[in-house]
2 protein chains.
Amino acid sequence: MAVTAEQIVTAAIHHLNSHPTASMAELAEAAGVSRATLHRHFSSRDDLLVALGRRALERWEQVQDALDLTSAAQESDPARLAATLRDLLVNLVDMADEHGFALTDPAMEVDPDLLRKLEELEGREMALFAAAQRAGVLRAELPVRWVGNAVYGLLVAVRESLRRGDVARRDATGLLVDTFLKGMGR
Amino acid sequence: MAVTAEQIVTAAIHHLNSHPTASMAELAEAAGVSRATLHRHFSSRDDLLVALGRRALERWEQVQDALDLTSAAQESDPARLAATLRDLLVNLVDMADEHGFALTDPAMEVDPDLLRKLEELEGREMALFAAAQRAGVLRAELPVRWVGNAVYGLLVAVRESLRRGDVARRDATGLLVDTFLKGMGR
DNA sequence: ATGGTTTGAGACATATATGTCGCAAAAGAT
DNA sequence: ATCTTTTGCGACATATATGTCTCAAACCAT
């Protein structure tokens with residue numbers, strides 16, 4: 001098999017990052033594949049979009065699993081929690097860079113399965129934030145959901161900064177972590 | 001004239017906030033107007049979208065003008081700069097709430113005029129951020145463009161929080177300002 | 001080399017949103 | 001009350017993306 005479904009998804013993600021409204025024909029071309037072949041792998045456009053979303057969520061889950069997020073959320077040692085938090089952000093920058101468009105594309109909110117998974121992953125992450133708040137790593141007076149959404153927003157900022165060339169890839173991680181923890185005021 | 005173009009734009013913005021991919025027919029209905037009348041005001045969908053973008057940028061400009069942003073950026077008094085900064089954020093929350101979808105919709109980046117205006121307004125805002133950095137109100141070690149993008153990202157977070165009902169409208173402003181200045185770490 | 005599989009190219013049908021038009025009804029002005 | 005303007009409705013034409021299908025060529029395993 002010359003070009004696998006996985007590769008198509010990858011190519012589609014990359015292309016959609018710079019051309020969010022690309023047609024199937026464009027995406028086929030971006031994957032170096034005919035339109036017919038594209039349809040052999042994904043029967044409809046929605047099908048493909050869902051696959052992209054699934055991929056993005058998979059990646060995200062891998063990040064969480066690699067950090068053993070669920071057990072980390074049971075932790076109470078501030079130092080360890082802070083480290084986990086930092087690691088999480090570092091990896092999320094990669095996510096934002098690679099799967100950027102999935103952050104804001106409305107198509108990600110149509111499939112119920114995707115939505116469930118999204119909420120599950122969000123939930124795990126918020127558990128970590130909550131633990132960090134209890135341990136005094138994060139400010140406890142902020143609603144956890146706000147913390148979660150703010151992280152999401154800052155990732156959008158990272159993506160935008162990289163897309164526009166405002167920030168070097170090397171600097172992005174540091175800026176995110178730093179801004180997340182300390183804000184921008186003096 | 002029963003329904004003005006302005007009103008149509010307003011209705012369209014509101015509808016698009018919850019239905020980002022709405023068709024012309026839907027938008028006509030949302031405005032309480034026939035499809036034909038909608039086309040009498042806006043010859044094409046792009047036309048309408050550009051009008052929406054223009055409206056959003058107008059509001060943004062009004063915010064900047066009301067705060068006399070350009071002269072405020074010449075200021076060197078930390079207290080005044082901090083106050084202006086706060087006022088700006090307060091008003092931007094309104095923007096994000098009303099014109100939310102314009103924050104992330106790709107259609108906003110197609111029209112050259114819109115893009116120019118956007119960059120102009122962004123420029124003015126960054127001048128303020130830069131002044132605040134010089135006056136020690138904002139941390140000077142952060143690239144101004146990152147500051148600008150981070151504010152944008154946090155506005156996306158605000159919008160998302162409100163849309164999902166995670167945060168009460170009354171609390172949004174405080175959370176944004178607070179998070180912007182102090183971050184989320186302890 | 002050969003047989004089975006996958007692919008690309010193009011034709012084809014379809015659906016859906018878009019944009020236009022004409023005309024009768026409603027609204028508004030004087 | 002009448003004249004003018006605006007609106008809604010439905011028909012119409014169009015464009016464009018989508019999804020399906022066929023068949024010959026390329027590919028691949030053995």
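Note that the structure is predicted; figures quoted are calculated from it, not measured. Lettering of chains follows the sequences in order, A, B, ..., and the numbering in each one begins at 1. Both backbone and side-chain heavy atoms feed into the values below; hydrogens, waters and symmetry mates do not.
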Applying salt bridge (charged side-chain N to carboxylate O under 4.0 Å, His left out), can you list everything that pairs with A/Arg59, at least two apart in sequence or on another chain?
A/Glu98

Would you say B/Thr37 reaches D/dG8's phosphate, i.e. side-chain N/O to OP1/OP2 under 4.0 Å?
yes

Mind calculating the distance between CZ (B/Phe42) and C1' (C/dT20) to the nearest angstrom?
18 Å

B/Asp46 vs B/Arg40, nearer the 5' end of DNA chain C by closest nucleotide
B/Asp46

Which residues satisfy the side-chain hydrogen bond (donor to acceptor under 3.5 Å, both in side chains) test with B/Glu125, sequence neighbours excluded?
B/Trp60, B/Gln64

Using salt bridge (charged side-chain N to carboxylate O under 4.0 Å, His left out) as the criterion, list what pairs up with B/Asp65, not counting sequence neighbours.
B/Arg124

Qualifying residues under salt bridge (charged side-chain N to carboxylate O under 4.0 Å, His left out), relative to B/Asp94, sequence neighbours excluded:
B/Arg169

With a sphere of 6.0 Å drawn around CZ of B/Arg170, does it hold more than 12 non-hydrogen atoms of other residues, nucleotides or ligands?
no

Dump the pairs, protein N or O against N or O of nucleotides 12-17 of chain C, anything under 3.5 Å, distances to one decimal.
none

d(CD1, A/Ile8; P, C/dT6) in whole Å:
14 Å

Could you give the CG-to-C1' distance, from A/Leu49 to D/dT18, as a whole number of Å?
13 Å

How many whole angstroms separate atom CG of B/Leu38 from atom C1' of D/dG8?
13 Å

Can you tell me which residue pairs pass the side-chain hydrogen bond (donor to acceptor under 3.5 Å, both in side chains) test with a partner in residues 17-29 of chain B, sequence neighbours excluded?
B/His15-B/Glu26

Roughly, in whole Å, what's the span from NE2 in A/His39 to P in D/dT18?
7 Å

